[in-house]
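We count residues from 1, following the sequence as given. Atoms within a ligand are numbered from 1 in the order they appear, just like the ligands themselves. Predicted model only: the values in this text are computed from it and were never measured.
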Amino acid sequence: MSDRIHSLSGYMYEYQKSVQDPESFWSRIADSFHWRKKWDKVVDWNFETPDVKWFVNGKLNITENILDRHLYTRGDQAAIIWEPNDPEEEHITLTYKELHAKVCQFANAIKAKGVGKGDRVIIYMPMVPEAAIAMLACARIGAIHSIVFAGFSANALSDRINDCKAKMVITADGNFRGNKQIPVKEVVDEALKNCDSVESTIVLKRTGQDIQMTSGLDIWWHDAIEGVSSENKAEEMDSEDMLFILYTSGSTGQPKGVVHTCGGYMIYTAYSFQNVFQYNQGDVYWCTADVGWITGHSYIVYGPLLAGATSIMFEGVPTFPDAGRFWAICDKHQVNQFYTAPTAIRALQAYGTEPIEPYKLDSLKVLGSVGEPINEEAWHWYHDHVGKGKCPIVDTWWQTETGGIMVSPLAGITPTKPAYATLPLPGVQLVILDNEGNELKGNSVEGNLCIKFPWPSMLRTTYGDHDRCKQTYFSTFPNHYFTGDGVKRDEDGYYRILGRVDDVINVSGHRMGTAEVENAINEHPKVIESAVVGYPHDIKGQGIYAFVICDMEGRTQEGLTKEIKETVNKIIGPIARPDKVQIVPGLPKTRSGKIMRRILRKIASGDGDNLGDISTLLNPEVVEAIKEGASH
Ligand code: ATP
Ligand code: MG
């Protein structure tokens with residue numbers, strides 16, 4: 001594609017153009033897509049109400065751009081390679097032609113069940129190709145999909161079904177995860193006891209486990225497509241029609257139904273995918289996320305397939321059958337771009353380099369990271385042992401709400417710096433504001449990360465509650481989108497994400513990002529992972545409380561605690577020296593692998609009996625253990 005940036009000066013040039021004249025810039029990018037009707041105006045916006053429209057009055061269907069457009073040029077190329085949980089099971093390859101046929105057929109099948117344009121469909125599925133087929137089938141007929149991660153509880157699922165009043169649920173009998181077999185359909189049955197809006201459920205047979213099928217409600221996937229045509233004319237959609245709703249992971253509280261629309265999301269995910277990963281035709285790209293997260297939406301399915309890429313989908317977990325599984329898959333499919341999360345990297349780092357040694361990993365060209373700040377130690381481990389020192393790391397900062405990657409190096413083009421997301425993508429106009437809303441210009445500044453101009457894939461609203469969208473993102477700083485994250489722009493103009501501003505600790509008037517302190521703690525060779533929070537402190541205002549997972553071999557608790565404090569002292573200075581260090585067996589995490597600091601904050605401040613609902617945690621059992629060991 002002509003929109004590929006090839007050099008640092010090319011990036012600078014494109015960035016300047018995108019700021020000076022955003023309309024011509026995005027109009028040029030959008031021109032290379034297939035539109036049923038071109039837009040009348042590139043962008044219409046108001047950050048007060050807020051109201052944002054891109055490619056106004058343009059008509060399209062995103063699946064024509066993903067499937068039909070590629071049929072003649074790359075019909076026989078693999079679109080999706082699916083790698084099952086069990087390495088003994090055969091992988092599946094779906095070419096663009098095959099994917100097209102399957103999507104059209106399933107689109108016809110759900111239409112026959114009464115789902116139409118504008119209806120909401122919940123997808124609660126394992127990581128199987130049918131999950132992508134279900135998404136695209138919805139998009140094909142103009143139904144709005146909302147994927148719920150298949151590890152969520154019945155309660156969490158029914159909340160989301162009710163919030164968007166879904167008409168259909170697409171699910172599976174069960175889910176293979178490592179050694180486990182998770183009863184997915186059973187959870188749906190439980191959830192549906194509290195939902196009136198659902199008229200039918202389509203169930204994929206995956207594990208073959210025993211399940212209950214309710215006549216008149218449940219139908220097997222294979223029965224639903226039986227004898228159904230594989231031809232389907234895509235529904236014509238407006239640029240601003242909803243494409244999907246995705247509930248945020250909820251690390252900061254009640255999940256929000258983030259709404260993305262067809263036109264802008266299409267342009268931005270394709271553009272950012274090609275430029276960040278520097279994908280070349282024929283490359284094999286693998287993002288290890290689940291389709292239940294925004295990363296899975298934008299960078300397993302939509303972005304890569306829009307770009308005509310080969311995208312791997314993996315059903316399993318990084319440690320099954322052993323901690324070398326990721327690397328086995330990289331070699332098996334000759335993966336060129338590999339995109340994962342710091343939580344996975346740190347988990348694998350804990351096994352040492354032995355599980356990597358049997359593998360060549362010589363096909364890898366680019367490594368990516370997303371989801372939280374990647375600490376320097378994990379960055380180096382990833383760079384040296386996985387990338388063998390020759391693969392640039394793209395540390396990509398973005399959010400469910402931004403739809404696509406906002407700040408990241410372009411692989412091999414932007415010089416990287418460990419723990420820095422580096423520079424904004426073209427079209428992304430970042431500003432740093434102090435707490436009073438004054439813009440902090442120039443370099444070597446730190447504050448609230450905001451965006452002052454719309455970008456095509458930004459959220460349009462929070463489903464069913466526009467005021468919540470306004471309050472959450474557009475009210476803290478008038479006329480700005482507020483990300484909720486703290487950031488530093490260093491002396492070179494590079495951006496480093498400091499963590500959520502709610503997590504910022506104020507010690508004797510010095511503001512400190514949790515990420516920065518954790519990064520220092522993690523430099524200690526015995527530390528596997530850490531989480532830092534503030535707690536009320538009589539003299540300093542806030543004290544620093546560190547929860548740390550360690551390899552205890554050859555160390556005493558007391559000795560290690562002291563060493564950790566000293567490490568921080570040395571790296572950042574006495575001001576950041578943790579007041580308390582607690583060695584813990586695990587940290588409370590969301591299902592997407594993020595640390596739930598709000599729980600740790602409560603424990604640290606002695607309010608551990610008042611944690612609220614912790615059932616959506618990945619590992620609720622560690623909470624008790626942490627509470628027991630807490631010091632006050
Ligand atoms: P909720 O908004 O419900 O609390 P969430 O913010 O965890 O959920 P996501 O949209 O998945 O849901 O996460 C976005 C956040 O993840 C960012 O705001 C940022 O705090 C963090 N993040 C993502 N990528 C990076 C990165 N590369 N570096 C630093 N932080 C990152
Ligand atoms: Mg968030």
Side-chain angles (χ1 to χ4, degrees), residues 147 149 152 156 159-160 163 245-260 272 276 287 289-299 339-345 367-376 378-379 382 393-409 416-425 430 448-451 457-459 462 468-469 471-473 476 481-488 494-504 513-516 518-519 531 588-599 616-618:
I147 307 189
F149 175 61
F152 275 150
D159 279 354
R160 288 160 175 78
D163 190 76
I245 304 166
L246 180 63
Y247 291 87
T248 59
S249 69
S251 3
T252 53
Q254 199 57 25
K256 302 166 276 282
V258 170
V259 169
H260 286 289
S272 53
V276 169
C287 165
D290 190 282
V291 288
W293 314 126
I294 189 67
T295 309
H297 284 64
S298 303
Y299 300 110
Y339 190 27
T340 196
T343 180
I345 299 167
L367 301 177
S369 170
V370 61
E372 16 161 8
I374 177 166
N375 54 285
E376 277 180 58
W379 194 98
Y382 197 27
I393 294 181
V394 291
D395 178 357
T396 63
W397 175 86
W398 57 297
Q399 310 177 296
T400 308
E401 297 86 345
T402 67
I405 297 169
M406 304 297 278
V407 187
S408 170
T416 58
K417 213 188 249 193
Y420 281 75
T422 73
L423 298 170
L425 262 63
L430 304 178
N448 301 293
L449 179 58
C450 295
I451 307 174
S457 64
M458 69 184 291
L459 87 161
T462 43
R468 186 157 182 219
C469 172
Q471 294 307 330
T472 313
Y473 308 106
T476 318
Y481 168 82
F482 176 41
T483 64
D485 286 341
V487 71
K488 163 168 144 183
Y494 267 34
Y495 290 87
R496 176 176 189 166
I497 307 299
L498 301 174
R500 301 172 196 281
V501 291
D502 299 345
D503 293 337
V504 166
T514 49
E516 203 178 351
E518 287 159 12
N519 187 56
K589 292 211 171 159
T590 63
R591 303 266 174 174
S592 56
K594 287 185 192 172
I595 298 164
M596 274 239 208
R597 285 193 187 70
R598 73 178 164 83
I599 289 177
T616 56
L617 282 181
L618 182 67

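- Using a non-hydrogen distance threshold of 4.0 Å, Trp398 registers as a contact of ligand 1.
- Checked against ring-ring contact (aromatic ring centres under 6.0 Å, His included), Trp379 has the following partners two or more places apart in sequence or in another chain: His383.
- Glu518 places no side-chain N or O within 3.5 Å of a backbone atom of Asn375 that could act as its donor or acceptor partner.
- Residue Ile374 has no N or O atom closer than 3.5 Å to an N or O atom of ligand 1.
- Using a 4.0 Å cutoff on heavy atoms, Gly371 counts as a contact of ligand 1.
- When Arg500, Arg598, Gln399 are checked for heavy-atom proximity to atom 6 (O) of ligand 1, Arg500 turns out nearest.
- Of the possible donor and acceptor atoms, one in the side chain of His297 sits under 3.5 Å from a partner among the backbone N and O of Val291.
- Atoms of ligand 1 found under 4.0 Å from any heavy atom of Thr400, numbered from 1 in the order shown, are 9 (P), 10 (O), 11 (O), 12 (O).
- Taking a cut-off of under 4.0 Å to the non-hydrogen atoms of Pro373, the atoms of ligand 1 that pass are 28 (N), 29 (C), 30 (N).
- Using a 4.5 Å heavy-atom cutoff, the side chains of Trp398 and Ser298 are in contact.
- The atoms of ligand 1 that sit less than 4.0 Å from any heavy atom of Thr248 are 1 (P), 2 (O), 3 (O), 8 (O).
- For the residue pair Thr343/Lys589, the side-chain donor-acceptor check at 3.5 Å is satisfied.
- Comparing Ile405, Ile497, Asp485 against atom 18 (O) of ligand 1, the shortest heavy-atom distance belongs to Asp485.
- Side-chain contact of Tyr299 with Ser272: a donor-acceptor pair under 3.5 Å is present, judged by distance alone.
- The residue from Met596, Lys594, Arg496 that puts a heavy atom closest to atom 15 (C) of ligand 1 is Lys594.
- A donor-acceptor pair shorter than 3.5 Å cannot be found between the side chains of Tyr247 and Asp159.
- Proximity of Thr396 to ligand 1, defined as any heavy-atom pair under 4.0 Å, is confined to the backbone N, CA, C and O atoms.
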